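Values below: every heavy atom of this structure, side chains too, minus hydrogens, waters and symmetry copies. These figures come from a predicted structure and were not determined experimentally.
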Amino acid sequence: GLYTSTDNGEHWSSSPIWKVSGNQGEGWKHFRIGITAAVNKIKFKANLAGYNFCDIALDNISIGHWVHEQPPIVITGMETWTQENYFNQDIIIENGGKLILQGDDEHHPTKIHMHPDCKIIVKPGGQLIANTIWLLPFPETRMWQGIEVWGEPNNHQYCIDGRYLQGYLELGYKTVIQKAVCALRLYSSEEWGHMGGIVHANGSLFWDNNKTLHAWYYHNFNPYNYKETDYNSYFKNCKFEFRSNEYEQLSNPPMFHKHIDLCKVRGISFKGCEFSIPSTPKDYISLWSCGIAAYDAGFTVDGICQDVVYPCTRYEKSKFKHFFNAILVDNPIESPYTFTVKNTEFINNAYGIFARNADFATVLYSTFRVGKHCNLLCSGGIYLDGISHFKIEENDFRNNTSVEDIHTFGVIVSNSGASNTVYRNSFSGLKCGNLAFGVNHQSNNDAIGLVFSCNNNTENGYDFFVLKDPNLSGGNNNGPQQS
């Protein structure tokens, strides 16, 4: 292993900053190792571990400045990397290339250190597989650029004969991406037209990134009938979070706005995932922070079933904590995109779900703990504006703050138009359980509109509050509300 000293050898690092073990084969191996400018002595220490027939050799050691170099490292065939390494070049995986980054200890993932100006590019037809790997910048006071997974908009995302036409990224258990400007771009930041990259993440960790996922302007389709289908990307059991004060240690940390950024895509799914930001205000966290932000886009959030029989009764729920809008959906009028949220917990967000113009939205079996967020005087579980044919069913809304001057709401509905139902939900301890305003019935039939049915209200300031529109002659909802 390699040990460092900053005081001319009087004291040495307690553990190696780089190490390699096991049989490395007969050929020479090339490694880059990053050390800070404060280091003035280094030493290598070998442990034979009782073996008498070993040979260890070091050669061609050079020390230089850590700068972004050209040309990039290009992967055209099958390669497997298993050792900690430092890279000050871009890594490009070409069509037909496959790079496997494989660590061997889930408690101590193998680190890949990237120069702040560097990124990894997976081109259409290329594959990157990472398991128990930790991708982070060097030095850690700056952010690196992240991974770009490229696609071709005119190609589908189906796997045929074991191959994808698009770039493919697979992130496995305990794989970490940390301190990236954008951890995952499913398009090219260099050239317009390379949208449609694929990511499958299971048990992965996304720490201290300015943004984790950005996907836009791609429509997947069935290659046999050419009908549009969901985007082939998912996240299962993943965490999107900030660790301790790591982000604050960046030099000039950029403002954080959202973990997930979607535009003109449909059907990316998040199951059993946790989204959070610090619970106390930070200078680097926008007041308008989001867990998921969708602009003319659709997606699914759900839990993961823990039962082995059907129907499932136990779920590992998805969670959202401390955002302004945990989920923001901002679609234009008559957008074709919608969203589904099920088996999810919302804790201390200004709004759990804030959505516009997403007809057929569905929110089921979720809990909303409505609490104080920053200095806002209002907080709510769900706010739906201009959405018809929605389902809000069997959710639980509760006040989660003891501050008396905070106005907490369960469900807010405005201008929902045609038939909609808020059904079998529970509302407890809120300033107002259900608030409705605007036009919440069909324009040509007052008898068809918003219905509150079979809900349970306890200890709310108001169970139902309907604001009358002074421009309307009648009420805004559909007759008796049945709750």
Below 4.5 Å, heavy atoms only, C-beta onward: do [X] and [Y] meet side chain to side chain?
X: Y423; Y: I392; value: no
X: L184; Y: L169; value: yes
X: I121; Y: K119; value: yes
X: Y284; Y: E248; value: yes
X: P137; Y: M114; value: no
X: F206; Y: T175; value: no
X: Y383; Y: V413; value: no
X: D104; Y: T82; value: no

Donor-acceptor under 3.5 Å ([X] side chain, [Y] main chain):
X: N349; Y: Y351; answer: no
X: N209; Y: K179; answer: yes
X: N460; Y: C432; answer: no
X: N325; Y: W288; answer: no
X: S13; Y: P16; answer: no
X: N155; Y: L165; answer: no
X: E170; Y: A201; answer: no
X: N210; Y: C182; answer: no
X: S379; Y: G371; answer: yes

Is it true that the side chains of [X] and [Y] contain a donor and an acceptor less than 3.5 Å apart?
X: E345; Y: S318; answer: no
X: S204; Y: K236; answer: no
X: Q102; Y: W81; answer: no
X: H156; Y: Q166; answer: no
X: Q178; Y: W134; answer: yes

Tell me, yes or no, whether the heavy-atom count around [X] atom [atom1], taken from other residues, nucleotides or ligands under 6.0 Å, exceeds 12.
X: D283; atom1: CG; answer: no
X: I333; atom1: CD1; answer: no
X: K317; atom1: NZ; answer: yes
X: E334; atom1: CD; answer: no

With sequence neighbours left out, write down each residue that passes ring pair (Phe, Tyr, Trp, His ring centres under 6.0 Å) with [X], or none if nothing qualifies.
X: F409; result: none
X: W144; result: none
X: Y234; result: H200
X: F339; result: F299

- Query: How are the rings of F427 and F397 set relative to one another: parallel (under 30°), tilted (30 to 60°) or perpendicular (over 60°)?
  - Reply: parallel
Quick one: side chain to side chain contact (heavy atoms under 4.5 Å, CB included) partners of [X], sequence neighbours excluded?
X: R369; answer: T367, D396, R398, N400
X: C159; answer: Y164
X: D105; answer: H107, H108

Hey, can you pull the donor-acceptor pairs under 3.5 Å for the side chains in residues 249-258, sequence neighbours left out?
residue : atom : partner : partner atom : Å
S251    : OG   : T141    : O            : 3.2
K258    : NZ   : Y295    : OH           : 3.0

Enter the distance from [X]:[atom1] to [Y]:[atom2] here, rounded to the nearest 0.5 Å.
X: Q145; Y: S189; atom1: CD; atom2: OG; result: 8.0 Å
X: L99; Y: I129; atom1: CG; atom2: CD1; result: 9.0 Å
X: K239; Y: H259; atom1: NZ; atom2: NE2; result: 12.5 Å
X: S233; Y: Q157; atom1: OG; atom2: CD; result: 5.5 Å
X: N131; Y: E106; atom1: CG; atom2: CD; result: 11.5 Å
X: L435; Y: L430; atom1: CG; atom2: CG; result: 12.0 Å

- Note on the structure: Between Y231 and the options Y158, W216, Y218, the ring pair (Phe, Tyr, Trp, His ring centres under 6.0 Å) test singles out Y218
Which atom of [X] lies closest to which atom of [Y], heavy atoms considered:
X: N395; Y: V363; value: ND2-O, 3.1 Å
X: V199; Y: F235; value: CG1-CZ, 3.8 Å
X: V370; Y: G380; value: CG1-N, 3.8 Å
X: I292; Y: V301; value: CD1-CG2, 3.8 Å
X: C238; Y: G203; value: SG-N, 4.0 Å
X: H322; Y: P278; value: CB-O, 3.9 Å

- Sort and list the pairs that fulfil salt bridge (charged side-chain N to carboxylate O under 4.0 Å, His left out) and have at least one residue in residues 85-102, not counting sequence neighbours.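 Applying salt bridge (charged side-chain N to carboxylate O under 4.0 Å, His left out) to every pair that reaches into residues 85-102, excluding sequence neighbours, yields E94-K123.
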- Message: Could you work out, with side chain to side chain donor-acceptor pair (under 3.5 Å) as the rule, every residue matching D302, not counting sequence neighbours?
- Response: N343
Identify each donor-acceptor pair in which a side-chain atom of residues 261-275 lies under 3.5 Å from a protein atom, sequence neighbours left out, and give them as a table.
residue : atom : partner : partner atom : Å
D261    : OD2  : K211    : NZ           : 2.8
K264    : NZ   : D296    : OD2          : 2.6
R266    : NE   : D230    : OD1          : 2.9

- Message: Between R314 and D307, does any side-chain N to carboxylate O distance fall below 4.0 Å?
- Response: yes
- Message: So that I can tick it off, tell me whether E84 and K111 are bridged by a salt bridge, with the cut-off set at under 4.0 angstrom between side-chain N and carboxylate O.
- Response: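 No salt bridge links K111 with E84.
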Using residues 353-361 as the side-chain source, report each donor-acceptor pair under 3.5 Å to any protein atom, sequence neighbours left out, with the distance given to one decimal.
residue : atom : partner : partner atom : Å
N357    : ND2  : N331    : O            : 2.8
D359    : OD1  : S388    : N            : 2.9

- Message: Using ring centroids (six-membered ring only for Trp), state whether Y187 and W150 fall under 6.0 Å.
- Response: no
- Task: Applying side chain to side chain contact (heavy atoms under 4.5 Å, CB included), run through V422 and E393 and close with a yes or a no.
- Result: CA-CA 6 Å; V422 179; E393 298 181 6; over 6 Å; no
